[in-house]
Amino acid sequence: MSKVLGATPTRNLALELARVTEAAAMLAGRFMGRGDKEGADQAAVNAMRLVLGTVDMDGVIVIGEGEKDKAPMLFNGEKVGNGSEPEVDVAVDPIDGTRPLAFGRSNSIATVAIAPRNTMFDPGPFLYMNKIVVGPEASGKINIEWSITDNLKAIAKAKGREVEDLTTIILDRPRHDDMVAEIRKAGARIRQIPDGDVAAALMTAWPDSGVDVLFGIGGTPEGVIAACALRAMGGEIQGKLFARDEDELRRGRDAGYDFDKVLTMNDLVASEDVFFAATGITDGELLKGVRYYGNHITTESLVIRGLTGTIRRINATHSVDKLHNLSALHY
């Protein structure tokens, strides 16, 4: 049985996490199109760290930001929250899609997820995994060890469609050339994205996104964060750790990591009692981006609670003057 925070109904911590992602999005959104990835990352991290400190939880960062690309970071092992119960693991991606934000492109979001202590998968220094992600209709019908073609056929059958009707999403990377070639041969449509595979994973479970399946090698931290949301959305993610070279493979095996193991949803987050929040930074299929109007700012957020399966979309209007009077952050 998966671990939960309590036997009686508890407060929805995802609603508190929405304040965290809103703050990160509002500060990072100022950097849209300015070409300053590090500046945007630093702004989002500063906002997240400050607001996370006000959340009623005793949190430890398990999935941090910055280790993969040496960006400003909330580091693994960092304590967050105000120290009160519950004890939780915390996964953050202050900007999922830093490059799209820096160049004014779509689908950049700020995300946070939490789960009971010791239930999140810790990838350590091994930050890449091969993934397949689908929405509710195809959940239970996929297998990452099958070929892409066989998975596409299974997904099409589950959805009552032809393979040619399916839309895949995949990071635009040279390492995916063979995958892209197989998808094309199978006849499915392809959407290649520059970054942002948390948003892309969630699109597979979002009815209006037009995306049916995510394939490819992306971040392991992003996979854990996506798994937290997909639990409530009814989707499925499977992954296998990916070593970039023989030395990384050897070090991983010496550290006890199994690169042949299929990581299921339960491996990535071993609890139903998860909370997830995301706020749009730039416009995308999932969420609208931040809007600035001088005296106020608007945001759109997705707030998810795994235990109840509740998914909320929150449209918020923030008073700039009042925020500046109350907060150390300059919105």
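On a predicted model such as this, the values are computed, not experimentally measured, just so you know.
- Contact record, Val90 with Gly59: CG2-CA, 3.9 Å, taken as the closest heavy-atom pair.
- Phe103 is not connected to Ile281 by any chain of hydrophobic side-chain contacts under 4.5 Å among Ile, Leu, Val, Met, Phe, Trp and Tyr, and they are in different clusters.
- No single ILVMFWY cluster, assembled from side-chain heavy atoms under 4.5 Å apart, contains both Ile237 and Trp146.
- Proximity of a side-chain donor or acceptor of Arg175 to a complementary backbone N or O of Ile217 within less than 3.5 Å is detected.
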Using distance only, find each side-chain donor-acceptor pair of residues 324-331 under 3.5 Å and give its atom names and separation, not counting sequence neighbours.
unit_1 : atom_1 : unit_2 : atom_2 : d
His324 : NE2    : Tyr331 : N      : 3.0
Asn325 : ND2    : Asp321 : O      : 3.3
Ser327 : OG     : Leu329 : N      : 2.9

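- Residues Gly252 and Phe259 share a closest heavy-atom pair of CA-CE1, 3.6 Å.
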I'd like to know whether Val180 forms a side-chain contact (heavy atoms from CB on, under 4.5 Å) with Ile190, so could you lay out the CA-CA distance, the side-chain angles of the two residues, the decisive distance to 0.1 Å, and finally the verdict. CA-CA 8 Å; Val180 169; Ile190 303 173; 3.8 Å; yes
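- A chain of hydrophobic side-chain contacts below 4.5 Å, direct or via other Ile, Leu, Val, Met, Phe, Trp or Tyr residues, connects Met265 to Val198.
- Contacts classified as ring pair (Phe, Tyr, Trp, His ring centres under 6.0 Å) and involving residues 199-243 (residues at least two apart or in different chains) are not found.
- Closest heavy-atom contact between Met120 and Ala115: CE-N, 3.8 Å.
- Pairs passing the side-chain hydrogen bond (donor to acceptor under 3.5 Å, both in side chains) check and including a residue from residues 21-36, sequence neighbours excluded, read Thr21-Thr279.
- With a 6.0 Å radius and a threshold of 12 heavy atoms from other residues, nucleotides or ligands, Gln192 has its CD atom above the threshold.
- Shown here for Pro94 and Val45, the closest heavy-atom pair between the two residues is CG-CG2, 3.9 Å.
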Run the numbers on Phe75 and Ile61 for side-chain contact (heavy atoms from CB on, under 4.5 Å), then give the verdict. CA-CA 7 Å; Phe75 59 86; Ile61 300 283; over 6 Å; no
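- Looking at residues two or more places apart in sequence or on another chain, you find a side chain to side chain contact (heavy atoms under 4.5 Å, CB included) between Asp247 and Asp245, Arg250, Arg251.
- When hydrophobic residues (I, L, V, M, F, W, Y) are linked wherever their side-chain heavy atoms come within less than 4.5 Å, Val60 remains an isolated member.
- Taking Tyr292 as the reference, nothing meets the ring-ring contact (aromatic ring centres under 6.0 Å, His included) condition, with sequence neighbours excluded.
- Linking Ile, Leu, Val, Met, Phe, Trp and Tyr whenever their side-chain heavy atoms come within less than 4.5 Å leaves Phe31 and Leu74 in two separate clusters.
- Note: Ile170 CD1 to Ile183 CD1 = 4.5 Å, rounded to the nearest 0.5 Å.
- Separation of atoms CD (Glu236) and OG1 (Thr264) is listed at 8.0 Å; rounding is to 0.5 Å.
- Proximity of Val92 to Leu52: side-chain heavy atoms (C-beta onward) are separated by under 4.5 Å at one or more points.
- Considering only heavy atoms from C-beta on, Asp96 comes within 4.5 Å of Glu222 through its side chain.
- Pairs passing the side-chain hydrogen bond (donor to acceptor under 3.5 Å, both in side chains) check and including a residue from residues 100-112, sequence neighbours excluded, read Asn107-Glu285.
- Taking 4.5 Å as the limit, some side-chain heavy atom of Val55 sits within range of a side-chain heavy atom of Val20.
- Residues Glu182 and Ile148 come closest through the heavy atom pair OE2-N, 3.4 Å.
- Take Arg184 and apply the side chain to side chain donor-acceptor pair (under 3.5 Å) test, not counting sequence neighbours, and it matches no residue.
- Residues Pro86 and Leu13 form a side-chain contact, since some pair of their non-hydrogen atoms from C-beta on lies under 4.5 Å apart.
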Please tabulate, one pair per line, all N/O donor-acceptor pairs under 3.5 Å involving side-chain atoms of residues 158-166, not counting sequence neighbours.
unit_1 : atom_1 : unit_2 : atom_2 : d
Lys159 : NZ     : Asp212 : OD1    : 2.7
Arg161 : NH1    : Asp212 : OD1    : 2.9
Arg161 : NH1    : Asp212 : OD2    : 3.3
Asp165 : OD2    : Glu162 : N      : 3.0

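- With contacts defined as side-chain heavy-atom distances shorter than 4.5 Å, the pair Met57/Glu16 does not qualify.
- Leu15 shares a hydrophobic cluster with Val303, Ile314; the chain of contacts runs through ILVMFWY side chains whose heavy atoms sit under 4.5 Å apart.
- Using a 4.5 Å heavy-atom cutoff, the side chains of Asp89 and Arg117 are in contact.
- Just one residue in the list Thr299, Asp283, Thr317, Thr298 forms a side-chain hydrogen bond (donor to acceptor under 3.5 Å, both in side chains) with Arg291, and that residue is Asp283.
- A donor-acceptor pair under 3.5 Å is formed between the side chain of Arg231 and the backbone N or O of Val269.
- Among residue pairs with one or both ends in residues 129-145, those qualifying as side-chain hydrogen bond (donor to acceptor under 3.5 Å, both in side chains) are Lys131-Asp197, Glu145-Lys240; sequence neighbours excluded.
- If you take CD on Gln238 and CD1 on Ile142, they are separated by 4.5 Å, rounding to the nearest 0.5 Å.
- Of all the heavy atoms in Ala200 and Ile193, the pair that sits closest is CB-CD1, 3.6 Å.
- Here the straight-line distance linking atom CG of Leu268 with atom CG of Asp122 works out to 12.0 Å at 0.5 Å rounding.
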Apply the test side-chain contact (heavy atoms from CB on, under 4.5 Å) to residues Met203 and Leu214: give CA-CA distance (whole Å), side-chain angles for both, the deciding distance (0.1 Å), then the verdict. CA-CA 9 Å; Met203 283 182 211; Leu214 176 146; over 6 Å; no
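- Of the listed residues (Leu287, Leu286, Val290, Ile109), just one forms a side chain to side chain contact (heavy atoms under 4.5 Å, CB included) with Glu300, and that residue is Leu287.
- Using modelled atom types, one side-chain atom of Glu248 and one backbone atom of Arg244 make a donor-acceptor pair closer than 3.5 Å.
- Contacts classified as ring pair (Phe, Tyr, Trp, His ring centres under 6.0 Å) and involving residues 169-201 (residues at least two apart or in different chains) are not found.
- The shortest side-chain heavy-atom distance between Lys37 and Leu101 does not fall under the 4.5 Å cut-off.
- With rounding to the nearest 0.5 angstrom, the OG1 atom of Thr119 is 9.0 Å from the CG atom of Asp273.
- Side-chain N/O atoms of Arg189 and Thr167 include a donor and acceptor closer than 3.5 Å.
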Determine, stepwise, if the pair Leu230 / Val133 fulfils side-chain contact (heavy atoms from CB on, under 4.5 Å). CA-CA 9 Å; Leu230 288 163; Val133 186; 3.6 Å; yes
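- With rounding to the nearest 0.5 Å, the separation of CD1 in Ile155 from OG1 in Thr204 is 9.0 Å.
- Thr54 is not listed as a side-chain neighbour of Asn82, based on a closest heavy-atom distance of 4.5 Å or more.
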